[in-house]
Amino acid sequence: MMKNEGSVRFEIIEEIGVITTHPTGWAKELNLVSWNGSTPKYDIRDWSPDRGRMSRGLTFQEEEMRRVLELFRKRRSDRRVMAREAVQVEEPVKSEEVDFEEEPVTDAEF
């Protein structure tokens, strides 16, 4: 699909997926897009339902997208390690069965 947005031509080479859909019908998408006939790039931006309009967005070359994913995975991994370190592992308390005789409580005990 080749379209013109003002003086910018674009072709969505591959629709990778919708990230989120807004109540207005616009959708933030990840696509592979060729801008002005250039090599396709990964593109994240909001699109109107008919793809007639778009917001500003971010484009990434293959290596840049790999680095973004690598940084995201590292952050998730680091956060898991930090969460594990924050949890103090304590020895379980051993409980013994104890028989308590119930005695009536009187007003004098308060």
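With contacts defined as side-chain heavy-atom distances shorter than 4.5 Å, the pair Arg45/Val33 does not qualify. Using a 4.5 Å heavy-atom cutoff, the side chains of Thr59 and Tyr42 are not in contact.
Remark: Thr20 pairs with His22, Lys28 by the side-chain contact (heavy atoms from CB on, under 4.5 Å) rule, at least two apart or across chains. Legend: residues meeting side-chain contact (heavy atoms from CB on, under 4.5 Å) with Thr21, ordered by chain and number and at least two apart, are Val18, Ala27. Under the rule for a salt bridge (Lys or Arg N to Asp or Glu O under 4.0 Å), Glu14 has no partner lying at least two apart in sequence or in another chain. Among residues two or more places apart in sequence or in another chain, the side-chain contact (heavy atoms from CB on, under 4.5 Å) test is passed with Arg80 by Arg76, Arg84. Scored by the side-chain hydrogen bond (donor to acceptor under 3.5 Å, both in side chains) test, Ser48 finds Asp50 as partners (sequence neighbours excluded). Residues satisfying the salt bridge (Lys or Arg N to Asp or Glu O under 4.0 Å) criterion with Arg66, sequence neighbours excluded, are Glu62, Glu63. Applying the side-chain hydrogen bond (donor to acceptor under 3.5 Å, both in side chains) rule to Asn36 yields no partners; only residues at least two apart in sequence or on another chain are considered.
Taking CE of Met54 as the start and CG of Asp46 as the end, the distance is 11.5 Å to the nearest 0.5 Å. To the nearest 0.5 Å, atoms CG (Asp78) and CZ (Arg73) are separated by 14.0 Å. The structure places CD1 of Ile12 at 6.5 Å from CD of Glu29, a figure rounded to the nearest 0.5 Å.
Under the 4.5 Å side-chain heavy-atom criterion for ILVMFWY residues, a single connected hydrophobic cluster contains both Leu32 and Ile44. The hydrophobic clustering, which links ILVMFWY residues whose side-chain heavy atoms are closer than 4.5 Å, places Trp35 and Leu58 apart.
Comment: Arg67 does not engage Glu64 in a salt bridge, judged by the lack of any side-chain N to carboxylate O separation of less than 4.0 angstrom.
Gly25 approaches Pro49 most closely through the heavy-atom pair O-CG, 3.5 Å.
Within the structure, ring-ring contact (aromatic ring centres under 6.0 Å, His included) pairs that include any residue of residues 44-82 comprise Phe10-Trp47 (at least two apart or interchain).
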